[in-house]
Amino acid sequence: MRESLARAGAAVILLAALAGCAGIPTTGGVVEGRALTETDSGDFDFFPLAPAVGADQEDILRGFVAAFTGSAGDYARAREFLSSDFADEWSPRAGVTVRGALERYSQVAPDTIEYIVDADATVDASGAYQRNDTPVQRTLLYQFVQEGGEWRISLAPDGIVLSDGLFRSVFDQQVLYFLDPTSQHLVPDLRYFLGGTAALRIVSSLLAGPPPWLQGAVRTAFPDGTQLSSPTIDVESGTATVDLSADALVASQTDRRLMQQQLDASLVTVTTIRRVAITVAGSPLAVQEGEATLVAEPAVDSRPIVFADGEFGYLGASSISTFGQLSSRVVDTAPTAATVSDTQSAAAVLSPAGVSIVRTGDAGVVLLDDRPSLLPPSLDEYDFVWSATSAPESVTVFGADGSPSSLPTGFPSDSLVRSFEVSRDGARVAFLLDAVGGPRLVVRAIVRDANRGQVPVSLGTPVVDTTVRGGSTAIDATWVDNTRVATLSTSGEVATATLFEVGGEISDLGRPGPALAVVGGNGPTDLRALGADGTILGRSGNGWADQNERVTFLATQR
């Protein structure tokens with residue numbers, strides 16, 4: 001980090017950190033705030049150097065690139081390296097190229113230099129992060145003119161380039177929250193915003209509506225055309241005032257409550273904000289009390305659900321706590337995999353007979369899919385059972401009445417599906433494939449038909465479509481929480497676990513040893529893997545540890 005900053009020629013001043021954690025709502029002392037604008041800096045203030053007198057073209061370009069760390073005054077320092085005619089035309093906020101180790105300058109003409117980098121990832125103007133499977137070489141052209149005897153850049157690509165380390169220092173990860181079609185669940189969308197601009201960018205992005213990959217799968221409570229009435233958000237005594245245009249007045253009381261909840265959940269990580277007030281043209285927007293608050297990160301029971309020794313239920317310290325009638329009916333199917341609903345009143349079960357829906361009460365057990373070689377099924381929030389073989393062309397979705405619908409996937413015919421799972425909000429589905437080039441994780445939104453009981457009708461454009469490194473064969477994938485997916489892949493007997501942020505970065509979760517499956521809980525520390533010998537392997541520090549339990553399989557909790 002110090003070496004990177006030294007090469008960038010920037011001095012760094014660490015601002016005092018705010019103590020404690022902030023949420024909406026909370027208690028305790030208040031923090032005096034101020035208006036948040038697009039020119040605020042983040043946790044670090046960078047003060048890049050000005051152009052040096054007599055600097056040659058390459059030194060000017062190097063200084064310009066180093067000045068990408070300083071956003072103050074709308075990148076005022078960087079603009080000092082530009083010609084007077086071009087300074088106002090350059091758009092630094094058009095996007096970010098996150099570069100790898102390769103960085104090369106090459107003079108290709110008397111007035112032109114190529115700046116060549118390996119792009120590990122890109123961030124577009126909306127803050128959406130896209131990682132490249134392998135670094136993509138980018139060649140950026142810069143032209144120069146002399147002004148007053150000094151070289152200045154007269155033409156440059158829009159956007160900025162940052163190393164991975166500087167990107168993490170300058171940009172903050174934030175989560176926006178939209179609504180599922182029934183407005184019963186918050187659906188996250190990960191973004192990266194310039195440090196210090198988070199509150200303004202979050203609200204502006206919410207008002208802009210769902211991103212392309214989520215369109216058709218989620219909604220927003222803000223009426224069409226609603227905008228901020230000014231380019232600032234005032235924060236005073238911990239309260240952020242979001243002043244909206246008059247378009248917001250047409251929202252029903254139900255949508256006003258949902259607007260408030262979208263803002264509360266999305267702004268909760270902004271440390272200066274403790275609560276959010278909505279106004280329209282300076283007057284408070286009436287928001288009546290109503291339904292329960294939606295949960296941004298729904299939790300599951302910390303105990304794993306297992307099938308072991310002829311019993312099905314929560315694994316305790318000395319016994320298995322069953323679900324009564326549901327458990328006995330699941331056991332009767334001779335299960336090999338299962339997903340249990342959040343109320344423990346239904347389960348999608350794989351057995352030698354095929355995929356069944358198992359319910360309490362009079363419904364009992366209904367065999368839905370008797371095809372051979374079925375994968376473990378998934379169960380979504382709308383009571384649809386998802387069933388598939390390894391054939392990549394489609395997945396079959398069964399309604400509550402058992403009626404099937406074929407959902408095309410568009411996956412290449414030379415790939416094989418190894419695992420799939422619907423997210424807890426029912427808005428997204430993760431697929432793990434064996435494809436040309438190795439295991440591949442694909443995450444897509446689920447588009448539903450509200451007129452047919454939210455039946456899935458199509459899958460959206462992938463937000464994640466990437467190679468899983470560390471293994472040549474795909475094993476399993478699971479939702480870790482609402483924003484992350486973990487995969488398990490193997491080379492020989494060595495299994496590798498990998499964590500993927502949906503719309504973000506990737507990290508290694510270590511090697512749990514020979515393993516057959518992975519099941520999520522409440523974050524990465526709650527992940528569990530099923531060893532090849534039936535042992536439960538749990539996260540321990542940066543590795544995995546045998547939890548001294550033997551089971552037939554681990555079930556998925558909704």
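Sequence positions, counted from 1, serve as the residue numbers for this chain.
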Across all chains, not counting sequence neighbours, the side-chain hydrogen bond (donor to acceptor under 3.5 Å, both in side chains) partners of Ser345 are Thr343
Minimum heavy-atom separation for [X] and [Y], please, with both atom names.
{"X": "Thr498", "Y": "Leu509", "answer": "C-CD1, 4.0 Å"}
{"X": "Ser378", "Y": "Ala348", "answer": "O-CB, 4.3 Å"}
{"X": "Phe312", "Y": "Ala338", "answer": "CZ-CB, 4.0 Å"}
{"X": "Val270", "Y": "Ile202", "answer": "CG2-CD1, 4.2 Å"}
{"X": "Ala251", "Y": "Met259", "answer": "CB-SD, 3.8 Å"}
{"X": "Leu379", "Y": "Val340", "answer": "CD2-C, 4.5 Å"}

Carboxylate-amine/guanidinium proximity below 4.0 Å for [X] and [Y]:
{"X": "Arg219", "Y": "Asp255", "result": "yes"}
{"X": "Arg424", "Y": "Asp481", "result": "no"}
{"X": "Arg168", "Y": "Glu505", "result": "yes"}
{"X": "Asp264", "Y": "Arg275", "result": "no"}
{"X": "Arg359", "Y": "Asp383", "result": "yes"}
{"X": "Arg440", "Y": "Asp465", "result": "yes"}

Would you give the length of the straight line joining atom [atom1] of [X] to atom [atom2] of [Y], rounded to the nearest 0.5 angstrom?
{"X": "Gln227", "Y": "Asp243", "atom1": "CD", "atom2": "CG", "value": "12.5 Å"}
{"X": "Leu441", "Y": "Ser419", "atom1": "CG", "atom2": "OG", "value": "9.5 Å"}
{"X": "Arg274", "Y": "Leu267", "atom1": "CZ", "atom2": "CG", "value": "14.5 Å"}
{"X": "Asp380", "Y": "Arg428", "atom1": "CG", "atom2": "CZ", "value": "13.0 Å"}
{"X": "Trp213", "Y": "Arg444", "atom1": "CH2", "atom2": "CZ", "value": "12.0 Å"}

**Message:** With a 6.0 Å cut-off on the ring centroids, do Phe323 and Tyr314 count as close?
**Reply:** yes
Expected output: side-chain [X] to main-chain [Y] donor-acceptor under 3.5 Å:
{"X": "Glu236", "Y": "Asp234", "result": "no"}
{"X": "Gln253", "Y": "Gln288", "result": "yes"}
{"X": "Arg79", "Y": "Ala87", "result": "yes"}
{"X": "Gln557", "Y": "Asp301", "result": "yes"}

Ring pair (Phe, Tyr, Trp, His ring centres under 6.0 Å) filter on Phe171, not counting sequence neighbours, yields Phe167
Residues passing the ring pair (Phe, Tyr, Trp, His ring centres under 6.0 Å) test with Phe420, sequence neighbours excluded, are none
Given the options Thr396, Leu407, Val355, Trp386 meets side-chain contact (heavy atoms from CB on, under 4.5 Å) only with Leu407
From the list Asn482, Asn522, Val175, Leu186, side-chain contact (heavy atoms from CB on, under 4.5 Å) partner of Glu297 resolves to Asn482
Under 4.5 Å between any side-chain heavy atoms of Val422 and Ile446, yes or no?
yes
Within 45 degrees of the ring normal and closer than 6.0 Å to the centroid, is that where the cationic atom of Arg539 sits relative to Trp544? yes
| task | Describe, in one word, how the ring planes of Phe411 and Phe431 are oriented to each other, choosing from parallel (under 30°), tilted (30 to 60°) and perpendicular (over 60°). | result | perpendicular
